[in-house]
A.B. asks: 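The structure that follows is given in the form of structure tokens.
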Amino acid sequence: MLTLLTFPSAFGQFSASPFCVKAAYMLQLSKQPWQRSDLLDPRKMPHRKLPVLRTPERLMPDSDAIRSWLEAQGAEFDAGLSDVQKGQSRALIRMAEDHLYFHIVMDRWGNDEVWPVLRDTFFTTIPTLIRKPVSNSIRKSVLKGLDMQGVSRFSETERLDRVERDLQAISAFLWQSPFLMGEAPTSADLSVGPMLAAMRATPAETPLTRRIDGDKMLCDYIDRIDQTIRLP
Ligand SMILES: N[C@@H](CCC(=O)N[C@@H](CS)C(=O)NCC(=O)O)C(=O)O
């Protein structure tokens with residue numbers, strides 16, 4: 001059986017990581033038998049990140065590579081889409097994973113109100129006595145990554161404006177149909193949906209959680225994906 005190595009459930013989600021939720025959705029849609037195995041420390045994984053899929057041959061890191069592997073086994077995530085829709089889908093995926101994602105990381109790791117919750121959710125395996133210094137140093141390195149990526153160099157107003165434009169682009173598709181590319185979930189939904197869900201699930205009220213919570217169309221969309229795919 002296939003095993004999805006994933007960060008544990010948190011904040012009411014299958015996983016705290018939207019990439020792990022994406023991988024779980026893909027596995028569920030692929031109809032292959034699979035199980036989850038929870039990890040808190042990805043350092044021994046091939047890319048030192050999760051999700052990773054354990055296939056009969058090897059450990060497969062990266063949700064995009066997992067997608068390609070499942071497609072090679074016969075899964076079709078974009079059945080019936082035109083080439084233009086597939087192109088739009090690719091662009092939406094990159095927008096979610098390479099832009100919105102960093103705003104979520106910023107909203108979680110850069111926020112002093114959220115931080116204690118993260119520390120006590122993600123670092124429970126670190127002995128209590130050294131948990132604070134170890135987790136503080138991990139936080140520092142995540143914030144350094146956000147600085148290198150650039151997202152933390154914007155003011156909060158600028159960040160919200162950038163997110164807003166993406167949310168409006170997503171909403172333009174959702175005015176047309178229940179899922180981004182039509183009547184059923186396709187690959188774009190499997191990336192965009194978990195990213196919006198993660199944005200909503202951050203365990204403190206932030207401008208981003210408020211933005212999603214106050215948007216009925218986006219909330220209905222997040223819930224629709226969950227109710228359609230139904231993770232175990
Ligand atoms: N490109 C990867 C991204 C996965 C990713 O960024 N995972 C994060 C969690 S959301 C992670 O494992 N971070 C741990 C780390 O960087 O140390 C994918 O699509 O699977």
Side-chain angles (χ1 to χ4, degrees), residues 2-30 34 36-55 58-71 75 77 89-111 114-115 117-119 121-126 131 134-152 186-203 208 231:
L2 298 169
T3 302
L4 179 65
L5 306 177
T6 168
F7 284 114
S9 310
F11 320 141
Q13 308 287 295
F14 169 89
S15 169
S17 158
F19 292 99
C20 293
V21 180
K22 168 190 171 185
Y25 278 158
M26 290 191 297
L27 281 160
Q28 197 66 2
L29 284 179
S30 78
W34 66 282
R36 72 183 291 166
S37 172
D38 290 351
L39 281 188
L40 274 169
D41 182 355
R43 279 177 300 176
K44 292 204 173 106
M45 293 295 108
H47 288 179
R48 301 184 302 283
K49 282 177 184 278
L50 292 173
V52 167
L53 184 66
R54 185 181 293 124
T55 73
R58 68 181 187 100
L59 285 181
M60 172 89 53
D62 195 275
S63 63
D64 245 9
I66 294 170
R67 173 181 174 178
S68 302
W69 189 85
L70 290 170
E71 286 176 335
F77 300 111
S89 173
R90 192 74 204 154
L92 284 165
I93 291 169
R94 292 275 62 94
M95 182 174 82
E97 298 186 3
D98 292 334
H99 185 239
L100 288 179
Y101 172 67
F102 290 103
H103 289 275
I104 297 168
V105 178
M106 182 69 205
D107 209 38
R108 291 182 176 182
W109 292 75
N111 182 325
V114 180
W115 169 241
V117 187
L118 290 199
R119 189 180 54 220
T121 305
F122 296 154
F123 302 112
T124 48
T125 51
I126 301 175
R131 191 178 298 165
V134 173
S135 57
N136 278 343
S137 117
I138 296 172
R139 184 188 190 195
K140 232 176 165 177
S141 76
V142 171
L143 294 179
K144 195 168 160 209
L146 291 175
D147 180 64
M148 278 176 70
Q149 194 273 345
V151 70
S152 60
T186 57
S187 65
D189 300 293
L190 311 183
S191 287
V192 172
M195 228 40 94
L196 297 179
M199 214 174 252
R200 184 176 65 170
T202 292
L208 282 192
L231 293 175

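Quick caveat, the model's predicted, so the values are computed rather than measured. Sequential numbering from 1 along the given sequence is applied to the chain's residues. Every number for a ligand or one of its atoms is a count from 1 in the order of the listing.
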A.B. asks: Any idea which residues sit under 4.0 Å from ligand 1, heavy-atom distances?
C.D. replies: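 These residues qualify: Phe7, Ser17, Phe19, Arg48, Lys49, Leu50, Pro51, Asp62, Ser63, Tyr101.
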A.B. asks: List for me each residue that meets side chain to side chain donor-acceptor pair (under 3.5 Å) alongside Asn111, sequence neighbours excluded, and say none if there are none.
C.D. replies: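 With neighbours one apart ignored, the set is empty.
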A.B. asks: Can you name the side chain to side chain donor-acceptor pair (under 3.5 Å) partners of Ser30, sequence neighbours left out?
C.D. replies: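 Side chain to side chain donor-acceptor pair (under 3.5 Å) check on Ser30 returns nothing, list empty.
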A.B. asks: Please name all residues satisfying side chain to side chain contact (heavy atoms under 4.5 Å, CB included) with Gln13, sequence neighbours left out, ordered by chain then number.
C.D. replies: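 Expected list: Ala197, Ala201.
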A.B. asks: Report yes or no: do Ser135 and Arg119 form a side-chain donor-acceptor pair below 3.5 Å?
C.D. replies: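 Their side chains do not contain a donor-acceptor pair, so the 3.5 Å distance test is not met.
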A.B. asks: Between Ser37 and Thr3, is any side-chain donor less than 3.5 angstrom from a side-chain acceptor?
C.D. replies: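 Not at all, the side chains of Ser37 and Thr3 share no donor-acceptor pair under 3.5 Å.
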A.B. asks: Can you check salt bridge (Lys or Arg N to Asp or Glu O under 4.0 Å) on Lys22 and Asp64, steps first, answer last?
C.D. replies: CA-CA 10 Å; Lys22 168 190 171 185; Asp64 245 9; 3.6 Å; yes
